[in-house]
Amino acid sequence: YEQEVENSDDADEQRFDEVYVDWSTDDWFVSLGKRRTTWGPSLAFNPVNVVVPPKDPLSPDQATEGHPVFLVSFATDMTTLELIATRDYDRNWTSEYARWGVRAALILDESDFNLYYFDGESDKDDNDYNRLAGFSYSSNFLSDATLYLEIANFLHNDRNYYDENGNQLSKDESVNKAVLGSNITIDGNTSLLIEVYRNTAGYTEKERENFFLKVDSIVSPVFDPTQASVLSDQEFGEMNQTYLLVSYRKSDILEKFGINLQLLAAEDRSSIAELEFDYNMTDYYKLIFNLKAYNGDENSEFGNSEVNSKATLTISASF
């Protein structure tokens, strides 16, 4: 991972994604250590997943890093109750505030229902933690397709908004985030993923227009470094309220090749189109070529990207 300290001469550090110890009986499960405890069935956008570092919706399979937790779970054939205790750890393993959560699950036939709650201590300024209350549902509605839903409510809206004069505004209200999706297996090696993501903290068309007017005012004709923090308000998945993700994956083409086609589109008519091609050179080495194209006008989320397209060539080794 990249160093968080700017202008640091230190090299990127290695990390342990998971280090933990477990204990279990027929009904009880206890775990202590750094582990990836992912809440929610969503495969890309994942709003109820607040215990561990979030996924990248365009590369969800690559999220492997866990979070230090103490987890206790009691499970029967139909029910599960899971309790989690942790703190606001960073990568230096320092922390100030306690965090805790609970997940209750019920399995009926082939349907899975879950309730979530995650909370924590107020900060030193007595600001309440951005508490999560959530719900998820997943089922096999066909023999080769799953349907899932996640709904999350957060106590606070931490986004910055702007009026037409460039004044910063805030909204004293809760935030709702939801995902409706389906993963369809076409054959053993081919799948189609569709997700619709809704985020009420995202900008409306007018709010997005005001934001880009504000950005224009601080970068032209001369960049104003005192207002550089405005640029950080352009957050992935927060510039619009509605997104659509479609992903087509096919593996084991001629036993050595695979292909992945993805399109992420936002309501401002901007999008990211992605082509990924992989080649299994041997049982241990894989060659991956990835091409992303960013589309949209300059006052849109993805059209305002720093690049128009990006190509990446990767060689991975497994041993």
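One-based numbering along the sequence shown. Please read these numbers as outputs of a predicted model, since none were measured by experiment.
Side chains of S271 and L263 form a contact here, defined as non-hydrogen atoms less than 4.5 Å apart. Counting heavy atoms from C-beta outward, R35 and V69 have side chains that approach closer than 4.5 Å. At least one side-chain heavy atom of I84 sits under 4.5 Å from a side-chain heavy atom of T37. The side-chain heavy atoms of T80 and L106, taken from C-beta on, include no pair separated by under 4.5 Å.
Taking the ring axis of Y161 as reference, the NZ or CZ atom of R208 does not stay both within 45° of it and closer than 6.0 Å to the ring centre.
With hydrogens and angles ignored, the 3.5 Å screen pairs no side-chain donor or acceptor of N290 with any backbone N or O of A311. No side-chain donor-acceptor contact under 3.5 Å links N240 to the backbone of T242. Looking at H156, its side chain never comes within 3.5 Å of a backbone N or O of N127 through a donor-acceptor pair.
Hydrophobic cluster membership of Y97, counting Ile, Leu, Val, Met, Phe, Trp and Tyr whose side-chain heavy atoms lie under 4.5 Å apart directly or via other members: none, as it forms a cluster of its own. Here W93 is tied into one hydrophobic group with Y89, each link being a pair of ILVMFWY side chains closer than 4.5 Å.
Distance OG/S139 to CG/L108: 11.5 Å, rounded to 0.5 Å. Taking CG of L71 as the reference point, atom CD of E82 lies at 4.5 Å (rounded to 0.5 Å). Atom NZ in K256 sits 14.0 Å away from atom OG in S251 (nearest 0.5 Å). The CG atom of N130 lies 6.0 Å from the CG atom of L155; values are rounded to the nearest 0.5 Å. To the nearest 0.5 Å, atoms OG (S174) and CG (N157) are separated by 8.5 Å. Rounding to the nearest 0.5 angstrom, the gap separating the OH atom in Y285 from the OG1 atom in T282 is 6.5 Å.
With sequence neighbours excluded, no residue forms a ring pair (Phe, Tyr, Trp, His ring centres under 6.0 Å) with Y20. Not counting sequence neighbours, F29 has no partner by the ring pair (Phe, Tyr, Trp, His ring centres under 6.0 Å) test. With sequence neighbours left out, the ring pair (Phe, Tyr, Trp, His ring centres under 6.0 Å) criterion links Y117 to no other residue.
Ring pair F211/Y203 is tilted by interplanar angle, where 30° to 60° counts as tilted.
Residues Q241 and E267 share a closest heavy-atom pair of N-OE2, 2.7 Å. Of all heavy-atom pairs between N199 and G237, the closest is ND2-O, 3.0 Å. Among all heavy-atom pairs drawn from E207 and K171, the shortest one is OE2-NZ, 2.7 Å.
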What do the steps show when you test Q234 against N304 for side chain to side chain contact (heavy atoms under 4.5 Å, CB included), and what is the final call? CA-CA 10 Å; Q234 181 158 340; N304 194 49; 2.9 Å; yes
Does the ring-ring contact (aromatic ring centres under 6.0 Å, His included) test come out yes or no for F257 and F277, once each step is laid out? CA-CA 7 Å; F257 301 92; F277 177 80; 5.7 Å; yes
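Checked against a 6.0 Å centroid threshold, the rings of Y294 and F302 do not count as neighbours.
A side-chain N or O of S270 and one of D268 form a donor-acceptor pair less than 3.5 Å apart.
The pair R159-E235 counts as a salt bridge, with a side-chain nitrogen and a carboxylate oxygen less than 4.0 angstrom apart. Between E238 and K177, at least one side-chain nitrogen of the basic residue sits less than 4.0 Å from a carboxylate oxygen of the acidic one, meeting the salt-bridge criterion. Ionic pairing of K34 and E65 is present here: one or more N-O contacts between side-chain nitrogen and carboxylate oxygen are shorter than 4.0 angstrom.
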Can you give each donor-acceptor pair under 3.5 Å made by side-chain atoms of residues 48-56, sequence neighbours left out, with the distance rounded to 0.1 Å?
residue, atom, partner, partner atom, Å
N49, ND2, N46, OD1, 3.4
K55, NZ, S42, O, 2.7
D56, OD1, L58, N, 3.0

